[in-house]
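The basis for the numbers below is simple: all heavy atoms, side chains too, and nothing from hydrogens, waters or symmetry mates.
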Amino acid sequence: MTAHSAHDGLRVVFMGTSCFSLTSLEALLEAGISVVAVYAQAPKPAGRNYRMQKSVVMEFAEAEGIPVHTPKTLRSADQLELFRSLQANVAVVASYGLIVPQSIIDVPTMGFINVHASLLPRWRGASPIRSAILAGDAKTGITIMRMDAGVDTGDIMAMQSVDIGPKVNHGELEKRLGFLGAEMVVDVLSHLDAYVAQTRKQSEDGVAYAPKIDKESCRIDWNDSAENILRKIMAFSPSPGAWGEVDGIRLKILDAEVLENDVAVKIGCIADGPVVKCRQKSLRLTLVQPAGKNIMSGEDFLRGRCRLLGMVIK
RNA sequence: CGCGGGGUAGAGCAGUCCGGUAGCUCAUCAGGCUCAUAACCUGAAGGUCGUUGGUUCAAAUCCUUCCCCCGCAA
């Protein structure tokens, strides 16, 4: 590290909450960039017994001794005042989860920079990675943009794509994109003037919004092709997990493989393997988790539960 | 005090209600069969039944203490 890096003099405020954002925060610190404050979503009661849980970003920032702010909203005069007092000249946002009002965006001289996990304008919104997998996209990537008041509508500073492998799950892809985003955001901050100069507007074509996911959208409809179901499994693996219900128990399916040769049973019916018949082709369940149990292989799952053979997953 | 499931051999489970020899399916090892095999046959090894205390002639099982894992919900 040279004594006078290109990012000398930057005072960065970081805003993020998830593991995806944490990777970027870590990279900023590692690059010697001065992060003067961190914003993360407020701890909320979560998990068993409703214990208050801090986000990973908050935990990390506290451990690093960086001041952490966890407002429930940024739309207040107090928050604007607080943000001004930080005297940041640039802010980095990565899957923060709160809307940043224009009044705050206007504060830093170099503006707000957002790390988004898709090839914008495709998959603006909250779950870009899942959406890309669900749609069967061949590739996705990271876009670094100048944030504006819209949802992921800002001008693009940098973009890099990665291939979505034939069988990559959300967890793996998120991790990969997290590293790429971290690398890119460090590079952008290190050569800010150059990136600002090449900023361009988003295309009007190919706009797509990533829908919010809920429990029911994670449920598997076996009356679909094996390929589509597999995408769904991958998009929700390892968390929250695509699921079905057999014999009164909830079963998450975390990994599977398409079998070309059809098994001659009803749709949704479990055959040895375990193999489940879909509308087209079949799926062999390779990694599952019954409610209340640990994650196990499909074979293990069936081992002590032979009675499930021939039953239908709903 | 949010609701609920679970901890029994390396793995997945049954047995618990109603106390009485520790079981099943796999994996492992040995032998056999086979041109051959992840197939088949025979046999073996492998458990302080999560922990503490109690009840009992006798506890995986009933009562009790604590620990750990997980699903839902948020």
In the structure shown, which nucleotide is the Watson-Crick or G-U wobble counterpart of [N], with both distances under 3.5 Å?
N	result
B:U42	B:A30
B:C24	B:G12
B:U65	none
B:C35	none
B:A59	none
B:G2	B:C72
B:U51	none
B:C18	none

Check: Hey, what else clusters with A:V13 if you join Ile, Leu, Val, Met, Phe, Trp, Tyr whenever side-chain heavy atoms sit under 4.5 Å?
Finding: A:M15, A:V36, A:Y39, A:L74, A:L80, A:L82, A:F83, A:L86, A:V93, A:Y96, A:L98, A:V100, A:I104, A:I105, A:V107, A:F112, A:M147

On a whole-Å scale, what distance lies between the [atom1] atoms belonging to [N] and [M]?
N	M	atom1	value
B:G6	B:G15	C1'	15 Å
B:A9	B:U28	C1'	11 Å
B:C33	B:C69	C1'	44 Å
B:U37	B:U21	P	42 Å
B:A58	B:G20	P	15 Å
B:C66	B:C72	P	27 Å
B:U25	B:C41	P	11 Å
B:C49	B:G10	P	13 Å

Notebook entry, point to check: If each of A:R303 and A:D300 is mapped to the nucleotide of RNA chain B with the nearest heavy atom, which maps nearer the 5' terminus, i.e. the 5' end?
Noted result: A:D300

Margin query: Taking the nucleotide of RNA chain B with the nearest heavy atom to each, does A:N49 or A:K215 sit closer to the 5' end?
Written below: A:N49

Next item on the list: Go through the side-chain N and O atoms of A:D137 and A:T140 and say whether any donor and acceptor fall under 3.5 Å apart.
Entry: no

Item checked: Which atom of A:P274 lies closest to which atom of A:E299, heavy atoms considered -> CD-N, 3.9 Å

Between side-chain atoms of residues 238-252 of chain A and protein atoms elsewhere (two or more places apart, or another chain), which donor-acceptor pairs fall under 3.5 Å?
residue	atom	partner	partner atom	Å
A:W243	NE1	A:K215	O	3.3
A:D247	OD2	A:R307	NH1	2.1
A:K252	NZ	A:P240	O	3.0

Check: Heavy atoms under 4.0 Å, any strand shown: does A:E299 hit a base, just sugar-phosphate, or nothing?
Finding: nothing

Check: NA contact type, A:K44, heavy-atom cut-off 4.0 Å: base, sugar-phosphate, or nothing?
Finding: nothing

Using atom types as modelled, flag every donor-acceptor pair under 3.5 Å from a side chain in residues 174-181 of chain A to any protein atom, sequence neighbours excluded.
residue	atom	partner	partner atom	Å
A:R176	NH2	A:D163	O	2.6

Next item on the list: Tell me, please, the opening and closing nucleotides of RNA chain B, 5' to 3', among those with an atom under 4.0 angstrom from a non-hydrogen atom of chain A.
Entry: B:G2 to B:A74

Note to self: Checking the side chain of A:Q160 only, and the main-chain atoms of A:M184 only, is there a donor and an acceptor separated by less than 3.5 Å?
What the structure shows: no

Checklist line | Qualifying ring-ring contact (aromatic ring centres under 6.0 Å, His included) pairs with a residue from residues 203-237 of chain A, counting only residues at least two apart or across chains | finding: none

Check: Which pairs count as ring-ring contact (aromatic ring centres under 6.0 Å, His included) when at least one residue sits in residues 272-303 of chain A, sequence neighbours excluded?
Finding: none

